[in-house]
Amino acid sequence: MVRAVIFGASGLLGRRAMRAFDDVSVTGTVFSRTGAGLVPVDATSADDVRGVLDRLRPDVVVNCVGERRPEVWASAPERAQRRNVEAARLIAEGARRHGARLVHVSSDYVFDGAAPPYRPNSVPNPLNAYGRWKLHAEEAVRAACPDAAILRLPVLYGPAEYAAETNLTQIGAQMSAGECIELDDVCVRYPTHADEAAEVCRRLAGALLQGQRLGSVNHWSAHEGFTKYQMAVLIARRFGLPAGRIRAGAADATSGDRPVDCRLDRDNLPAVFSWPPVRHRSFRAGFPPVVEPWLLATRPATS
Ligand SMILES: NC(=O)c1ccc[n+]([C@@H]2O[C@H](COP(=O)([O-])OP(=O)(O)OC[C@H]3O[C@@H](n4cnc5c(N)ncnc54)[C@H](OP(=O)(O)O)[C@@H]3O)[C@@H](O)[C@H]2O)c1
C-alpha cells in the first residue's frame with residue numbers, strides 16, 4: 001500500500017488532508033497539537049525530519065507546515081521564517097533523499113495583487129514578509145526536489161478548532177458578540193474550502209505517484225471573490241445578526257503590505273484535475289456550517 005506522510009496534520013489544511021488521504025496508509029505529523037496516532041515532529045529540526053522519514057519511508061510527502069498568523073510574523077519573525085522556509089527545505093531534502101514524491105503547499109501572497117489573474121508562470125512580487133518566506137520556500141523546494149508539485153492556494157476556510165483559526169470564523173464570533181468592527185472592503189479574497197484544497201493535494205500526489213509530469217507550480221482557487229466586509233454581510237444575512245455594527249473600511253488595502261487581488265488563474269490546469277472534476281464548494285453554501293459553531297447563540301436563519 002502507498003505510504004503517505006502529511007507534515008502539519010494538525011492545521012486547518014492538514015486535518016482535511018488526513019481525510020483526503022484515507023485511501024492510503026497515511027501518517028500525520030504535528031508540532032504542538034499532539035493527538036492519538038499523530039507523530040510529534042519539529043520540522044525545523046534536521047534530525048527530527050530525518051528521523052521520521054527514515055522510520056516511515058513514505059512514497060509521498062505533503063508539506064502543510066507553515067506560520068500564517070500575522071501576529072506571529074510580527075512578534076517572532078525568525079520563528080515564522082523557520083516554519084515557512086527552513087521546514088520546507090528540510091522536508092524537500094528529506095523527500096528527495098528517500099525518493100518520495102512531494103506536494104508542497106504555498107500561497108497566493110507570493111504575488112503583489114496589482115495585476116490579476118496570476119498564472120503559475122507569472123512573476124512573483126511579494127509585498128510582505130510572509131509572501132517573501134513562501135517564495136523563498138518555493139525556491140528551496142525546487143532546488144532540493146525539482147520534481148515536487150508546488151501548490152499555491154488562496155485563503156482557506158473550513159471546520160475550525162478555535163474561532164481565530166480562520167478570518168471567517170473570527171468575524172462570525174465577533175459579530176455574534178455584538179462587537180463593532182471595521183472590515184476591509186477593498187481587498188478581494190477567494191475563500192476556498194479546506195476540503196477542496198485537500199482533494200487537490202490528493203490529486204497531485206496521485207498524479208506524481210503515477211509518474212505524471214506536472215508543472216512545478218500549480219494554482220488552485222475558488223472562483224468567487226469577496227472582501228472581508230462582504231463576507232460579514234453574508235454572515236449577518238444568513239444568521240440574522242445585526243449588520244449595523246460592521247463598517248466597510250480599507251485597512252488592509254492601505255497598509256501597503258496586503259495584496260489587493262491575487263486571483264489565481266486556473267485556465268490551464270493539468271489534466272489531473274479535469275476528470276473526474278474536483279468538487280467545487282460554493283462559498284455561499286459552504287460558510288454557514290463553518291461559522292455557526294462560533295456564534296454565541298444560534299439564531300434562526302433569515303435567508
Ligand atoms: N490557511 C490559509 O488561509 C492558507 C492560505 C494559503 C496557503 N496556506 C498555506 O498552507 C499551509 C497550511 O496552512 P494551514 O492554514 O493549515 O496552517 P495552520 O492551520 O496554521 O497549521 C500549521 C501547521 O504547521 C504545524 N507546525 C508549525 N510549526 C511547526 C514546526 N516547527 N514543526 C512541525 N510542524 C509545525 C502546526 O502544528 P501544531 O498546530 O501542532 O503546532 C500545524 O499543523 C501553510 O504552508 C500555509 O502557509 C494557508
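As the structure lists them, so they are numbered: ligands from 1, and atoms in each ligand from 1.
Within ligand 1, the atoms closer than 4.0 Å to a non-hydrogen atom of Val105 are 9 (C), 10 (O), 11 (C), 45 (O), numbered from 1 in the order shown. Close approach of ligand 1 to Val30 (heavy-atom distance below 4.0 Å) involves ligand atoms 40 (O). Of all atoms in ligand 1, numbered sequentially from 1 with element shown, those under 4.0 Å from a heavy atom of Lys134 are 44 (C), 45 (O), 46 (C), 47 (O).
If you look at Ala87 next to ligand 1, there are no close heavy atoms at all, none under 4.0 Å. When non-hydrogen atoms are compared, ligand 1 lies under 4.0 Å from the backbone of Ser106 (N, CA, C, O) but not from its side chain.
Here the protein heavy atom with the shortest distance to atom 3 (O) of ligand 1 is Leu156 N, 2.8 Å. Looking from atom 31 (N) of ligand 1 to the surrounding protein, the closest heavy atom is Asp42 OD1, 3.0 Å. Protein heavy atom in closest approach to atom 32 (N) of ligand 1: Ala43 N, 2.7 Å. In this structure, atom 16 (O) of ligand 1 lies nearest to the protein heavy atom Leu13 N, 2.8 Å. With hydrogens left out, the protein atom closest to atom 39 (O) of ligand 1 is Arg33 NE, 2.7 Å, a heavy atom. The nearest heavy-atom contact from the protein to atom 37 (O) of ligand 1 is Ser10 OG, 3.2 Å. In terms of protein heavy atoms, atom 25 (C) of ligand 1 is closest to Gly8 CA, 4.1 Å. What sits closest to atom 17 (O) of ligand 1 on the protein, heavy atoms only, is Arg68 NE, 3.2 Å.
Asp185 and Thr227 share a side-chain donor-acceptor pair at under 3.5 Å. Side-chain atoms of Asp257 and Asn128 form no donor-acceptor pair, as typed in the model, at a separation below 3.5 Å. Asp112 and Tyr118 are linked by a side-chain donor-acceptor pair at a separation below 3.5 angstrom, with hydrogens and angles left out of the test. Glu86 and Thr44 share no donor-acceptor pair across their side chains, judged by distance under 3.5 Å alone. Side-chain polar atoms of Asp54 and His98 form a donor-acceptor pair below 3.5 angstrom.
Assignment of Ser45 to the shell around ligand 1 is not supported, since no heavy atom sits closer than 4.0 Å.
With Cys64, Ala160, Gly11 as candidates, the residue nearest to atom 21 (O) of ligand 1 on a non-hydrogen basis is Gly11. Of the listed residues (Glu86, Arg69, Arg83, His104), the one carrying the non-hydrogen atom nearest atom 28 (N) of ligand 1 is Arg83. Heavy-atom proximity to atom 24 (O) of ligand 1, evaluated over Val65, Asn63, Val41, is greatest for Val65. Remark: among candidates Tyr109, Tyr130, Phe31, the nearest residue to atom 8 (N) of ligand 1 is Tyr130, based on non-hydrogen atoms.
In this structure, Arg152 fails the cation-pi test against Trp220, since its NZ or CZ atom is not both closer than 6.0 Å to the six-membered ring centre and inside 45 degrees of the ring normal.
Residues Phe226 and Phe283 place their aromatic rings such that the two centres sit under 6.0 Å apart. Taking the six-membered ring where the residue is Trp, the centroids of Tyr157 and His193 are separated by under 6.0 Å.
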Report task. Dump the intermediate steps for salt bridge (charged side-chain N to carboxylate O under 4.0 Å, His left out) on Glu165 and Arg15, then the final yes or no. Result -> CA-CA 13 Å; Glu165 191 172 27; Arg15 297 195 298 272; 2.9 Å; yes

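Contact detail for Cys201 and Val103: the closest heavy-atom pair is O-CG2, 4.1 Å.
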